[in-house]
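Working notes, structure below.
From a predicted model like this one, the values you see are computed outputs, not experimental measurements.
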Amino acid sequence: MNDKVISFPILADYNTPIKFMIEKMTNYEVRLSPKMTKNTLEIGSKYSPDYACLPFKYTLGNYIETLENGANVIMQAGGGCRFGYYFELQKQILSDLGYNFEFYSLTESDVNGISSIYKTLKNLNPNIKRVRYLYYLLLTFLMIYYMDKLDMYIRKNVGFEINKGSFDRVKKSMLTKFSKTRGFLDLIKTYYYYRKKFKNIALDKPKNCLKVGIVGELYTSMEPHSSYFIERELANMNVEVTRYTNVTFLLITKRFKEKYYLRKIKKYCKFTMGADAMDNVARAKILIKKGYDGIIHIKPFGCVPEIGAMKVLENLCDDEKIPIMFLTFDTNTSELGIKTRLEAFHDMLLMRRGNEK
Amino acid sequence: MKNNAYLGVDIGSISTKGVIIDDSNNIIACEYIKTQGNPISAVKQLIKSLESKFDSNLYKIVSIGTTGSARKLAGKMLGATTIKNEITAHAIATISIHPDVRTIIEIGGQDSKIILVDKKIVTDYAMNTLCAAGTGAFLTNQAKRLDIDINDFGSIALMSKNPVKLAARCSVFAESDLVHKAQLGYKKEDIVSGLCKSIVNNYLNNVAKGKKILSPVVFQGGVSKNIGVVKAFEDELKTNVIVDDIGHLMGAYGIAIMSKKSVKDNDFSFRISDANFETKVYDCSGCANNCEVIRIYKDMKLMDSWGNKCENGLK
C-alpha cells in the first residue's frame, strides 16, 4: 500500500516543519492543504455545528479542501480545550459526508506527547526505528524553535521596514531552505545565515515606538486568517507587536512555565483555567511590566477558557492602569469593525503617550 | 481675504451629519439628514444643503475630515484630508467642549460605545461587539411597532409612573417581551419607559461592563436626543448626565477639529453634489479567496478600489 497521501490542517507557516517531519518519518507523500481562503471558512462553517468555535470551522474547511485535493490520511494535533474532542466530531462529520480516509490525532493515543506521536506514526510506518524517530523529532523541534525565535524578531520590526515586503521575502526563502534541511549542522547554519539576513534588513524604527502585546486563544493568535491579519494591521500602524503563543511554547515551554506563571499572578489566579487562559493572564502581566502600551486579547466566539481569562485580565489591567481591548472573532465579524477598533485603540495609545500627532 | 473653514462629515448607519467650523471651533453651518442606506446620495444631499447655509464670500474650506462607517467612501468622494474612526472623533470633540469630562456615553444607530477620559486623555474605550441590542435602530423599530413617532418617544416615556420590566440582554427577546406585555394590556407609556430602561441596562451590562463610570458624564449620539433614555441613565447612574445641543453632531464636529491639522491649501468647491458617483462591487477571480472588490467611479472614471487582499485585485 504505497498510495497513502497524508495531509494536515494549516497553521500559519508551520506547514514547513510538519511536512518535513512526516515526510522523514513515513514513506508516503505529504500534500499540503490548499491555501486558506474565504472559501475554506465558508465550507467549514457550512458543515459545522453553529456553536462550535472558529478553529473547528477553519480546520474542517481545511480537511474538506485537502480531501478534495486527493489526500486520504489526515493528521490533527489535538488540543487542551474542547478542541481535543473536536477530532472525533470532525471525523464523524467527514465520514457522514462520504469521504473515505484515515484520521489520526497526534497527541491522543498516550498521555505523553513524545510517545504518543511515536505510536501514531508507527501506525503509518511500522518499520520506523526509535532512534530515527527521535532524531527527526528533535530536528523538527529545533526547526520550529528557530522559526519562532525569528518570528518574534519579525513581529517586533516588520512595521518599520523601509522597503515594504522585505521581511516577507526573506522569510519565504528561509522556509524553502528549511524544508530541505539535511541535518542538525545544516539547520544551525541556515538559521544563523537567515538571522543575519533578518538583522540586516533596513529599518526606520524610533526608539519609543508604540508597543502592543497580543494574548489570547492559540489558534486565533497563530493563524493570521482567523484574526483578519491583526498583526499585519498593527504593523502597518507602526506598532511593535509581541505575542508569546507559538508552537515552541505549546509543545515544550508550557509545562515548565506553569508554576512560574502561577506565582507571578498569585494575586489573581490560584489555579489554571484550562487551555492557555492562565498563561495569558501571566503574559499580560509580564508585558505590562516590560512597559508595553496596551494589550489586545483575541479569542474565537464562545471560547470557554478565554472567557474565564477575560474577567481576570480586566482586573489586572484595571490595577495596572493599562488599556486592554477584547476582540472576538466569528464567521461574520466585519473587517471594518475590527479596523475601526484597532485604529481607535492605536489613537488612544498615542494620546496616552501624550504625543498625539 | 477669506477666513479659513473646516468641514467635518460623519456618515453613520442611520444618519449623516455635516459640520463646518471656523478657526476658533465655532460652528458656522451644520446639517443632519438620514442616510437611508445610500451613503453616496446622502453625502451629496448633505453637501448641497451645507452650501446653502454657508457664506462662501466670508469663508473658504481648507480641510475636510470624514468619519463614521462610510468614512472611506465619503472621504474619496470629498477628497478628504483626514479619515479617522468615529471613536477618536467623538473623544476629541467632547474634550474640546467639556475639558473636565470623565465618561462619554455614545449610542448611535447601530453601535454604542463608552469612552473614559482622564485629564483630557482617552484612557479606555469599549464598543458593542456582536450584537446591536440597545441601539437607536432598535428603538426606532419598536417605536414603529407601537405606532409612536420616534421624536415623541422620550416625552411619552416621561409620563410613565410604573415602567414595565423588559428583558435587556438581546433585542429579539426584548421585542418578544414587549409584544407579550402589550397584549396583556399594559399602558403604552409604561412600555415605552420600560424600553428606555432596557436600553440603559443593556448598555451598562454589555458595553460598559466592568468600567467605572465617573462624572461628569456626557451622553451623545442620536439616542441622546431621547429624554426618556437620558432620564433612565440618570436614575441608574445616580448622577447628572450632560447632553449637548449638538450631541448628535459630535462625530462630525470632532473630525472637523482633527482635520485642522492636515490643512491643504485648496479651495473646496461644492460641485460634488452635481458629479455622478457610482460604486461597483465584483468578486475578484485572481485566486480562490474571491475578495469582494469595491470600485468607486466619478463620472464614469475609476477613482479608487479597495477590498482586495493582494495585488491581483488591482488589475
Just so I know, are the side chains of A/K321 and B/T123 near enough to count as touching, which here means a heavy-atom distance under 4.5 Å? no
Enclosure of A/K290 NZ (heavy-atom neighbours >12, cutoff 6.0 Å): no
Rounded to the nearest 0.5 Å, what separation is found between the CD1 atom of B/I121 and the CZ atom of A/R353? 12.0 Å
Taking side chain as everything from C-beta outward and backbone as N, CA, C, O, which of these in A/L41 sits under 4.5 Å from a heavy atom of chain B? Side chain, backbone, both or neither. neither
In terms of heavy-atom contacts, does NZ of B/K76 have more than 12 from other residues, nucleotides or ligands at under 6.0 Å? no
CE of A/M325 to CE of B/M127, rounded to nearest 0.5 Å, is 10.5 Å
The ring pair (Phe, Tyr, Trp, His ring centres under 6.0 Å) partners of A/H225 (sequence neighbours excluded) come to A/F229
For B/V122 and A/R352 the tightest heavy-atom approach is O-CG, 3.4 Å
Donor-acceptor pair, side chain of B/Y125 and main chain of A/R341, under 3.5 angstrom: yes
Using 0.5 Å steps for rounding, measure from the NZ atom of B/K120 to the CE atom of A/M351. 10.0 Å
Side-chain contact, heavy-atom cut-off 4.5 Å: A/E343 with B/T88? no
Neighbour count >12 (heavy atoms, 6.0 Å) for atom CG, A/D50: no
Any Lys/Arg nitrogen of B/K212 or A/D318 sitting under 4.0 Å from an Asp/Glu carboxylate oxygen of the other? yes
Which heavy atom of A/T340 sits nearest a heavy atom of B/R71, and at what distance? OG1-NH2, 3.1 Å
